[in-house]
**Student:** 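The structure is given below, and queries will be raised subsequently.
Whatever order the structure lists ligands and atoms in, that order sets their numbers, starting from 1.
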Amino acid sequence: MTTVKLEGMPDIETQNELSLEEFKTEVLQDYKIGRISREASLLGRKEVLTGKAKFGIFGDGKEVVQLAMAKVFMPGDFRSGYYRDQTFMLAIGQLTVRQFFAQLYADVDDVNREPASGGRQMNGHFATRSLDENGEWLDLTKQKNSSADISPTAGQMLRLLGLAYASKLYRQNPELQDNGKFSVNGNEVAFGTIGNASTAEGHFWETVNAGGVLMAPMAISIWDDGYGISVPNKYQVTKQDLSEILSGFSFDEEKEQGYLLFTANGWNYPELMQTYAAGITAVRERHIPAIFHIQELTQPQGHSTSGSHERYKSKERLDWEKEFDCMVKMREWILETEISTEEELIAIEADAKKYVREEQKAAFEQSLTVIQADRAELIDAFKQLAGQADEKLASEILEISRQLSEGLDKDRRSNLNASWDALRLSLHHDLPGRQTIIDWKNSVLRQTQPKYSSHLHSGTAMRVIEVKPIYDNHAELLDGREILNKYFDLLLARDPRVFAIGEDVGKIGDVNQGMAGMQDKYGDLRITDTGIREASIMGQGIGAAMRGLRPIVEIQYLDYLLYGLEILSDDLSTLLYRTVGGQKAPVIVRTRGHRLEGIWHSGSPMGMIVNALRGMYVCVPRNMTQAAGFYNTLMQADEPALIIERLNGYRQKERLPNNIGEYTVPLGVPEVIHNGEDVTIVTYGACCEIAQAAAYKLAEVGISIEIIDVQTLLPFDVNHNIIESIKKTNRVIFFDEDVPSGGTAYMMQKVIEEQKAWQWLDSEPVTLAANAHRPAYGTDGDYFSKPNVNDVFIAVYSIMHETDPGSFPMNF
Ligand SMILES: Cc1ncc(C[n+]2csc(CCOP(=O)(O)OP(=O)(O)O)c2C)c(N)n1
């Protein structure tokens with residue numbers, strides 16, 4: 001650090017060794033970036049209001065503090081922020097103005113033009129690329145990293161915890177020292193940014209608390225402009241003062257926990273430079289987290305293009321915002337300190353404006369090239385068809401063509417709609433020109449759809465080679481939990497990147513002891529107890545996995561997944577998709593569920609889960625041997641997944657495969673666990689055992705059922721094996737313990753509609769699920785809430801009765 005002295009001003013400490021001249025050059029460079037960013041906001045808003053882009057949200061009023069933060073952001077560091085951070089992204093060199101506008105125009109045609117989201121995300125959602133085009137890690141220590149933004153405010157806090165936690169593990173776990181691409185001795189700081197109003201979210205406080213416990217190098221900046229859209233701090237923050245309420249978190253030297261707390265005004269360039277320089281050094285060197293509460297920020301253009309702030313800010317406030325606009329104040333300071341002259345600043349401002357305009361134009365034109373080329377081809381095809389058509393049809397086709405070429409809508413949708421209109425109008429005309437339009441449409445669809453749909457999964461998990469379990473003749477019989485335990489032991493021994501965290505996971509080895517003894521053997525950095533904080537446990541895993549680690553993060557009971565579901569749905573399961581393969585987080589979420597008792601200890605909300613988590617895999621093993629196989633498969637892949645172990649399976653005896661740790665269970669491959677002829681039962685998890693028990697009772701009355709364990713709900717029966725069973729039995733029941741129209745409806749759609757099993761059915765397809773209410777407590781509560789052996793018996797028997805009432809009388 002060095003001190004720069006300016007006439008009449010407080011000394012400025014800067015991170016680098018700078019001469020006064022060098023410092024002045026840097027200040028002007030910063031001013032220029034700030035002006036460029038401001039011009040981008042101004043022009044961006046105009047582009048939306050004139051209809052060239054759909055929506056805009058910008059970082060105006062927050063430029064100067066972001067310049068200061070950028071100064072201390074080093075290669076290897078990570079940002080986890082939100083939509084106001086364009087100046088920061090420009091200043092660290094990870095966003096160009098052209099890219100900024102490419103995102104505003106939702107340019108999907110070239111991910112290099114819009115590397116954050118390939119045109120999939122709203123503007124202001126920033127990200128750098130951690131992966132090469134093959135999905136392999138780049139050297140993250142050599143680049144400045146930004147984890148991919150999401151829109152739910154405060155959602156970025158949870159992953160921030162994990163990004164910081166990774167530095168802690170990389171520094172403190174000696175086995176991880178030689179890790180190459182992710183860390184240099186854990187020196188990397190995770191920078192979080194959040195708006196003042198979003199600190200009212202639970203995610204913020206949960207993360208702040210967890211960060212103070214973990215003591216990971218996390219630097220949270222709060223951009224406080226006094227409002228959250230129209231709602232002032234009075235309604236957001238107790239006593240309207242975040243610094244005051246955060247003061248209880250301040251660092252305690254004796255307890256070695258807590259935060260370094262800083263506050264500064266967002267318009268004060270020298271103060272901000274000093275604050276960040278001093279603060280981040282401590283975070284980086286000592287791994288003490290810090291919070292920077294940056295106040296007196298403004299929002300010159302209001303919240304977003306959806307409204308105007310004149311509606312809710314007083315005239316006094318608006319006047320104050322003009323006066324304390326950070327770029328205005330920085331300019332005044334530059335002139336006062338004689339760092340530069342009025343003329344020079346005017347020249348910088350003019351340059352910035354011109355540059356932004358040029359880049360915006362280039363971005364706009366680029367975003368239209370494919371659309372326009374497609375349109376030109378289509379208009380040619382219309383001409384061709386009109387030339388072949390009778391007078392009436394020709395004039396109608398030419399009218400469609402005219403509307404398309406003269407219309408203001410420069411999008412793919414208008415092109416495709418016009419092609420459909422022409423095809424519909426000419427439906428009964430046998431003209432060769434129609435085929436040209438059909439070919440055009442199909443080719444455009446084929447080329448365009450992946451631009452919006454690709455990268456939901458990387459596919460690596462599906463490519464893991466299946467290794468079947470092998471059993472000795474006298475295979476040892478163990479409790480299910482011991483099988484898991486043996487697997488985790490082998491896994492932890494061979495892969496130092498793996499760590500497990502969760503409530504009660506550490507000292508007692510989780511509530512069902514699958515991890516028993518692991519902490520003693522591998523240490524508390526590998527197997528770690530956490531606070532009761534499901535959402536940030538998920539975030540801790542997500543962030544750490546984004547930095548090359550392999551977390552197993554635990555939700556103690558399936559019912560409590562809801563606390564963490566938001567972030568799994570919004571962040572983890574969209575990550576690969578929303579970055580078009582630019583970032584990944586191979587987190588495994590471990591939980592246990594089904595078949596216990598009471599409303600919050602036996603839920604099985606699979607419909608909710610599979611529909612919220614597209615982008616993750618969902619494994620529902622029927623026993624712990626299968627569970628261990630799924631863990632092993634997923635550990636060889638790089639995709640996030642949820643594994644739901646069977647709560648009542650930990651103490652059931654299973655044979656120990658002698659290749660435990662090696663065998664894998666493929667995803668999306670159902671297994672026939674009971675052969676039969678009359679009715680197929682499609683089920684999973686704990687219900688497999690119930691169906692098996694019913695099979696014996698049904699056999700007594702002459703009915704034979706085939707039971708299929710689907711094993712994974714996402715993906716679901718990728719090779720369409722289930723239909724082979726239905727071709728044989730011609731009857732099917734979808735059975736689980738979710739609410740009606742939950743998991744069973746999902747399976748039914750997959751099999752009846754997708755696999756076209758309806759063609760083979762002789763009886764109507766049936767779903768057998770729990771009652772619509774949540775499961776009551778106790779043995780009888782379970783009996784009267786969830787499907788049991790008798791219910792399966794009756795469901796199957798009823799089908800057989802309908803088929804053959806003589807042989808199967810309904811005398812119950
Ligand atoms: C979870 C969630 N709730 C509501 C919204 C809608 N929303 C978007 S921005 C915003 C205000 C955020 O205010 P603040 O955190 O102060 O940030 P600022 O926009 O002022 O920088 C709201 C309510 C959202 N995106 N996410």
**Student:** Nearest protein heavy atom to atom 12 (C) of ligand 1, by residue and atom, and its distance?
**Tutor:**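 For this ligand atom, the closest protein heavy atom is Y83 OH, 3.4 Å.
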
**Student:** Roughly how far, to the nearest 0.5 Å, is CD of Q66 from CZ of F191?
**Tutor:**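 Separation between the atoms: 12.5 Å.
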
**Student:** Flag the pair L131 / T579 as yes when at least one side-chain heavy-atom distance between them is below 4.5 Å, and no otherwise.
**Tutor:**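 Of all side-chain heavy-atom pairs linking T579 with L131, none is under 4.5 Å.
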
**Student:** Please indicate whether any nitrogen or oxygen in K62 is less than 3.5 Å from any nitrogen or oxygen in ligand 1.
**Tutor:**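 No: no nitrogen or oxygen of K62 is under 3.5 Å from one in ligand 1.
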
**Student:** Rounded to the nearest 0.5 Å, what separation is found between the CG atom of L67 and the CD atom of Q29?
**Tutor:**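 The CG atom of L67 sits 10.0 Å away from the CD atom of Q29.
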
**Student:** Heavy-atom contacts with Y227 under 4.0 Å: which atoms of ligand 1 show up? List them by number with element.
**Tutor:**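 The list of qualifying atoms is 16 (O), 20 (O).
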
**Student:** Closer than 4.0 Å to some heavy atom of Q299 - which atoms of ligand 1 meet that?
**Tutor:**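 Counting atoms of ligand 1 from 1, those under 4.0 Å from Q299 are 20 (O), 21 (O).
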
**Student:** Where the side chain of D77 meets the backbone of M74, is there a donor-acceptor pair that is under 3.5 Å apart?
**Tutor:**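 It does hold such a pair.
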
**Student:** Would you mind finding which of I150, T199, T153 brings a heavy atom closest to atom 3 (N) of ligand 1?
**Tutor:**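 The option holding the nearest heavy atom is T153.
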
**Student:** Walk me through whether R120 and S454 qualify under side chain to side chain donor-acceptor pair (under 3.5 Å).
**Tutor:** CA-CA 11 Å; R120 289 177 180 184; S454 72; 2.9 Å; yes

**Student:** My understanding is that we take every heavy atom of each candidate and find the minimum distance to atom 25 (N) of ligand 1. Doing that for G228, S151, G155, A154, which one comes out nearest?
**Tutor:**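 The residue whose heavy atom sits nearest atom 25 (N) of ligand 1 is S151.
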
**Student:** For atom 6 (C) of ligand 1, is the nearest protein heavy atom under 4.0 Å away?
**Tutor:**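 So atom 6 (C) of ligand 1 lacks protein heavy-atom neighbours under 4.0 Å.
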
**Student:** Below 4.0 angstrom from a heavy atom of R84, which ligand 1 atoms are there? Numbered from 1 as shown, please.
**Tutor:**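 Contacts of ligand 1 toward R84, numbered from 1: 18 (P), 19 (O), 21 (O).
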
**Student:** Which of the numbered atoms in ligand 1 are below 4.0 angstrom from a heavy atom of Y82?
**Tutor:**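 What qualifies from ligand 1 is 17 (O), 18 (P), 21 (O).
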
**Student:** Could you walk me through whether I532 and Y560 pass the side chain to side chain contact (heavy atoms under 4.5 Å, CB included) test, one step at a time?
**Tutor:** CA-CA 10 Å; I532 305 172; Y560 305 119; over 6 Å; no

**Student:** A cation-pi test, strictly: NZ or CZ of K313 under 6.0 Å from the centre of the six-membered ring of Y227 and no more than 45 degrees from its axis. Yes or no?
**Tutor:**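 Pair K313/Y227 counts as cation-pi.
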
**Student:** Working to the nearest 0.5 angstrom, can you tell me the gap between I609 CD1 and R614 CZ?
**Tutor:**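 Between atom CD1 of I609 and atom CZ of R614 there are 12.0 Å.
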
**Student:** Give the atom numbers and elements of ligand 1 that come within less than 4.0 Å of a heavy atom of E201.
**Tutor:**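 Contacts of ligand 1 toward E201, numbered from 1: 1 (C).
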
**Student:** Show which atoms of ligand 1 fall inside a sub-4.0 Å distance from at least one heavy-atom site of A197.
**Tutor:**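 Per the distance check, 13 (O), 14 (P), 15 (O), 16 (O).
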
**Student:** Counting from 1, what ligand 1 atoms have a heavy atom of G195 closer than 4.0 Å?
**Tutor:**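 Per the distance check, 14 (P), 15 (O), 16 (O), 17 (O).
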
**Student:** Where is the tightest heavy-atom contact between W205 and T199, given as atom of each residue plus distance?
**Tutor:**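 So the two residues come closest at NE1-O, 2.8 Å.
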
**Student:** Backbone, side chain, both or neither: what part of D225 comes under 4.0 angstrom of ligand 1, heavy atoms only?
**Tutor:**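 D225 to ligand 1: side-chain contact only, backbone stays beyond 4.0 Å.
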
**Student:** More than 12 non-hydrogen atoms from neighbouring residues, nucleotides or ligands closer than 6.0 Å to CD1 on I245, yes or no?
**Tutor:**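 Count over threshold, so yes.
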
**Student:** Taking only heavy atoms of H303 into account, list the atoms of ligand 1 that are under 4.0 Å away from them.
**Tutor:**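 Once the distances to H303 are compared, the set is 9 (S), 10 (C), 11 (C), 19 (O).
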
**Student:** Tell me, which protein residue and heavy-atom name are nearest atom 15 (O) of ligand 1, and how many Å apart are they?
**Tutor:**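 Heavy-atom neighbour on the protein nearest atom 15 (O) of ligand 1: S198 OG, 2.5 Å.
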
**Student:** Starting from atom 11 (C) of ligand 1, which protein heavy atom do you reach first, and at what distance in Å?
**Tutor:**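 Nearest protein contact, heavy atoms only, for atom 11 (C) of ligand 1 is I229 CG1, 3.6 Å.
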
**Student:** State, without any angle test, whether S536 and Q540 hold a side-chain donor-acceptor pair at a distance under 3.5 Å.
**Tutor:**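 Side-chain D/A pair, S536 to Q540: absent.
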
**Student:** Does ligand 1 have any atom that is closer than 4.0 Å to a heavy atom of Q236?
**Tutor:**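 Contact check Q236 vs ligand 1: negative.
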
